[in-house]
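Following: one structure in structure tokens, then a few remarks.
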Amino acid sequence: MTDIRAASELRKKYTHFRILVIGRANAGKTTILKRVCNTTEDPCFYDEENNALLEPTLEVINTLLLLALVNKQQFLFEQRGHHDINHPFIFEGNSKFIFHDSPGFEAGDKRQLEEVQAFIEKRAKATNPRDQLHAIWSLWTVIFQLTINFVVQVLFHT
């Protein structure tokens, strides 16, 4: 089989590339992904059944801002590092890449690490290429080296 033919067969089997992005919350992961996908658009998020999730309305945004003003400390604590790893997102202009954003580990919540482990295990057991995880991309700054070492040890049992 020629290289071109083999590549064509792989493209038929793997219609997209699913990537788990791990890193600190608000570290600019989406900005980097926009550059990788050569786009300026905001990502489109989906639920577990691949239904598009609606963008927040002005009413939702105003409610969140009001909550932040009324109880800033608690609101910010609850929101810090919160991402739903099971809600994939894509950039419409480059939909061959499907991304999953991990929770931010710097929040110190063991449940976040367990959530990532469960996600990786579920995707590792998937037999359909559409459901498989094809890559894990970790984006870290040097300041979080100890956290990185711990996360790598736990996730990959090293």
Side-chain angles (χ1 to χ4, degrees), residues 4 6-70 72 75-107 109 111-144 147-148 151-152 155:
I4 293 173
S8 178
E9 291 298 318
L10 280 174
R11 284 194 185 104
K12 286 179 188 173
K13 183 176 180 180
Y14 295 95
T15 58
H16 64 269
F17 197 70
R18 187 179 301 275
I19 303 167
L20 170 60
V21 183
I22 297 176
R24 187 174 58 84
N26 300 318
K29 292 180 293 210
T30 303
T31 302
I32 291 171
L33 295 177
K34 284 181 179 182
R35 296 292 294 248
V36 167
C37 291
N38 194 28
T39 187
T40 57
E41 66 190 64
D42 288 328
C44 300
F45 289 84
Y46 296 86
D47 64 15
E48 291 86 351
E49 286 80 38
N50 290 323
N51 299 311
L53 297 173
L54 299 175
E55 298 208 12
T57 63
L58 186 57
E59 181 180 348
V60 170
I61 292 170
N62 285 338
T63 301
L64 291 175
L65 288 173
L66 182 61
L67 282 171
L69 290 172
V70 170
K72 184 179 178 183
F75 177 77
L76 292 176
F77 175 76
E78 289 174 356
Q79 296 303 312
R80 185 173 174 239
H82 178 72
H83 301 271
D84 191 332
I85 196 170
N86 294 301
H87 288 174
F89 65 93
I90 65 166
F91 296 98
E92 291 292 336
N94 196 339
S95 60
K96 296 287 184 187
F97 292 103
I98 298 175
F99 299 102
H100 292 266
D101 193 3
S102 73
F105 295 113
E106 79 281 359
D109 189 343
R111 290 174 297 166
Q112 294 170 332
L113 184 57
E114 291 168 349
E115 183 180 336
V116 172
Q117 285 179 299
F119 176 83
I120 292 170
E121 288 174 17
K122 176 184 173 186
R123 296 291 174 170
K125 292 176 183 174
T127 56
N128 186 335
R130 293 180 51 82
D131 299 325
Q132 294 172 344
L133 183 63
H134 303 111
I136 300 173
W137 187 8
S138 59
L139 305 170
W140 303 98
T141 57
V142 176
I143 227 167
F144 291 101
T147 301
I148 297 166
V151 169
V152 167
L155 286 178

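Note that the coordinates shown come from a computational prediction; the quantities given were computed from them, not determined experimentally. Numbering starts at 1 and runs along the sequence shown. Below, each value reflects all heavy atoms present in this structure, side chains not excepted, and no hydrogens, waters or symmetry copies.
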Once you round to the nearest 0.5 Å, how far does [atom1] of [X] lie from [atom2] of [Y]?
X      : Y      : atom1 : atom2 : answer
Asp101 : Leu33  : CG    : CG    : 8.0 Å
Lys13  : Asn128 : NZ    : CG    : 9.5 Å
Ser138 : Lys29  : OG    : NZ    : 11.0 Å
Glu121 : Glu114 : CD    : CD    : 10.5 Å
Asp131 : Arg123 : CG    : CZ    : 6.0 Å

Between [X] and [Y], what is the shortest heavy-atom contact and its length?
X      : Y     : result
Lys96  : Thr15 : CD-O, 3.3 Å
Glu115 : Ile85 : OE2-CG2, 3.4 Å
Ile98  : Pro88 : CG2-CB, 3.6 Å
Leu133 : Leu20 : CD1-N, 3.5 Å

Tell me whether [X] contacts the main-chain N or O of [Y] through its side chain, where contact means a donor paired with an acceptor under 3.5 Å.
X      : Y      : result
Gln132 : Ala124 : no
Glu92  : Cys44  : no
Arg18  : Ala135 : no

CG of Leu10: more than 12 outside heavy atoms within 6.0 angstrom?
yes
Yes or no on salt bridge (Lys or Arg N to Asp or Glu O under 4.0 Å) for Asp42 and Lys34, after CA distance, side-chain angles and deciding distance?
CA-CA 8 Å; Asp42 288 328; Lys34 284 181 179 182; 3.1 Å; yes
Does a side-chain heavy-atom distance below 4.5 Å link Asn86 with Tyr46?
no
Less than 4.5 Å apart, any side-chain heavy atom of Pro43 and any of Ile90?
no
Over 60° means perpendicular and under 30° means parallel, so classify the ring planes of His134 and Phe17, tilted if in between.
parallel
Would you call the rings of Phe97 and Phe99 parallel, tilted or perpendicular, where under 30° means parallel and over 60° means perpendicular?
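It falls in the parallel class, under 30°.
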Report the C-alpha separation of Asn38 and Asn94 in whole Å, then their side-chain angles, then the decisive distance to 0.1 Å, and conclude whether the side chain to side chain contact (heavy atoms under 4.5 Å, CB included) test is met.
CA-CA 8 Å; Asn38 194 28; Asn94 196 339; 5.8 Å; no
Using ring centroids (six-membered ring only for Trp), state whether His100 and Phe119 fall under 6.0 Å.
yes
Check salt bridge (Lys or Arg N to Asp or Glu O under 4.0 Å) between Lys125 and all other residues, then give those that pass, not counting sequence neighbours.
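Once residues adjacent in sequence are excluded, Lys125 has no partner under the salt bridge (Lys or Arg N to Asp or Glu O under 4.0 Å) criterion.
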